[in-house]
Undergrad: 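Sharing a structure with you now.
Residue numbers run from 1 in the order of the sequence given. These numbers were taken from a predicted model, which means no experiment stands behind them. Computation of the quantities below employed the complete heavy-atom set of this structure, encompassing side-chain atoms and omitting hydrogens, waters and symmetry-equivalent molecules. For ligands, and for the atoms within them, numbers begin at 1 and follow the listed sequence.
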Amino acid sequence: MSQKAIIFDLDGVIVDTAKFHFLAWKKLANDLGFDFTKEQNEELKGVSRVDSLKKILNWGNKELSEEEFNRQMQLKNENYLSYVNEMDKGEVLPGVQKVLDYLEENNIPYALGSASKNARHILEKIDLKDGFSAIVDGTDVSKAKPDPEVFLIAAEKLNVAPQKCIVFEDSVAGVQAANKGEMTSIGIGEEKTLHEADYIFNDFTEISIEFLKNLLQK
Ligand code: BG6
Ligand code: MG
């Protein structure tokens, strides 16, 4: 079998931090006097912190000075981290550990490809940091998803061709990034949102070892 590798997104794939991002952005919008919908929130998934705030302000027709913009980003992150700091290993989403165990038992390398600048901190909280052969996060990239940069750097660090990488993603931007990078994309979430992915599952409990084995042998 030619060597394949897996790249995991973090938020919404390994842990359900997407709900914490939503709560923190919602509080920011509400404090500024407006709200946004769950559908709009889908557009924030996979999107960097700064671009998320730009989108939200646009929805609320708000303009902020540079100083206030930066202050709001910081407040949002502090609020978000107050949830993150309560996390432990129990927050790893159902079915994820089974997949990680399979990869380790079979010496399949896996990396993280996340837009988050908090990724390393979160991996430490949930005690998963050591298993990753490479970690690429929001501190390592200049171009945000849907640009494939984060995944291409991960592939390079893994020393595996992009075409041999399989990406797990919960966001539209992330699925598009994987596709642009010529990787196999697996969407974790709803079909109606993630229809551009090569394969879609509601969550990791739906992913069988048989499916993984076939994919890795292709
Ligand atoms: C992504 C999340 O993983 O990271 C986005 O899906 C988030 O919602 C982005 O905005 C940046 O995260 P952070 O932790 O650097 O604010
Ligand atoms: Mg995500």
Undergrad: Indicate yes or no: does an N/O atom of Trp25 lie under 3.5 Å from an N/O atom of ligand 1?
TA: no
Undergrad: Anything under 30° is parallel, anything over 60° is perpendicular, the rest tilted; go ahead and classify Phe201 against Phe211.
TA: perpendicular
Undergrad: Does Leu215 belong to the same Ile/Leu/Val/Met/Phe/Trp/Tyr cluster as Ile200, with side-chain heavy atoms less than 4.5 Å apart forming each link?
TA: no
Undergrad: Are Val160 and Leu103 linked, directly or through intermediate hydrophobic residues, by side-chain heavy-atom contacts shorter than 4.5 Å (ILVMFWY only)?
TA: no
Undergrad: According to ring-ring contact (aromatic ring centres under 6.0 Å, His included), does anything in residues 130-165 pair up with another residue at least two apart or in another chain? List the pairs.
TA: Tyr110-Phe132
Undergrad: Is Gly12 near ligand 1, meaning one of its heavy atoms is under 4.0 Å from it?
TA: no
Undergrad: Less than 4.5 Å apart, side chain to side chain, heavy atoms only: is that true for Ile14 and Leu112?
TA: yes
Undergrad: Which heavy atom of the protein is the closest neighbour of atom 16 (O) of ligand 1, given with residue, atom name and distance?
TA: Arg49 NE, 2.7 Å
Undergrad: Any chain of hydrophobic side-chain contacts (each under 4.5 Å) joining Met183 to Phe8?
TA: no
Undergrad: Working to the nearest 0.5 Å, report the span between CZ of Phe36 and CD1 of Ile56.
TA: 4.5 Å
Undergrad: Run the numbers for me: atoms of ligand 1, each under 4.0 Å from some heavy atom of Lys45, listed by number.
TA: 6 (O)
Undergrad: Within a strict 4.5 Å, meaning less than it, do heavy atoms of the Lys54 and Val50 side chains meet?
TA: yes
Undergrad: Sub-3.5 Å donor-acceptor pair from the side chain of Asn179 to the main-chain atoms of Glu196, do we have one?
TA: yes
Undergrad: Near Ser52, which atoms of ligand 1 are under 4.0 Å from a heavy atom of that residue?
TA: 10 (O)
Undergrad: Determine whether the side chain, the backbone, both or neither of Lys117 has a heavy atom under 4.0 Å from any heavy atom of ligand 1.
TA: both
Undergrad: Listing by chain and number, which protein N, O or S atoms are under 2.8 Å from the Mg ion (ligand 2)?
TA: Asp9 OD2, Asp11 O, Asp170 OD1
Undergrad: When rounded to the nearest 0.5 angstrom, what is the spacing between NZ in Lys26 and CG in Leu28?
TA: 12.0 Å
Undergrad: Please determine which of Asp16, Leu100, Leu128 meets the side-chain contact (heavy atoms from CB on, under 4.5 Å) test together with Val92.
TA: Leu128
Undergrad: Can you tell me which portion of Val47 lies within the under-4.0 Å heavy-atom range of ligand 1? Options are side chain, backbone, both, or neither.
TA: backbone
Undergrad: Report yes if Asn77 has an N/O atom closer than 3.5 Å to an N/O atom of ligand 1; otherwise report no.
TA: no
Undergrad: Using a 4.0 Å heavy-atom threshold (strictly under), name the region of Leu44 that reaches ligand 1: side chain, backbone, both or neither.
TA: backbone
Undergrad: Quick one: look at Ser116 and ligand 1, take heavy-atom pairs under 4.0 Å, and tell me if it's side chain, backbone, both or neither.
TA: both
Undergrad: Pull out every atom of ligand 1 sitting under 4.0 Å from any heavy atom of Gly46, numbered as shown with elements.
TA: 2 (C), 5 (C), 6 (O)
Undergrad: Does Asp9 reach ligand 1 with a nitrogen or oxygen that is under 3.5 Å from one of the ligand's nitrogen or oxygen atoms?
TA: no
Undergrad: Got Val172 and Glu42 here, is their nearest side-chain heavy-atom distance under 4.5 Å?
TA: no
Undergrad: Test your reading of the structure: does Asp11 have an N or O sitting under 3.5 Å from an N or O of ligand 1?
TA: yes
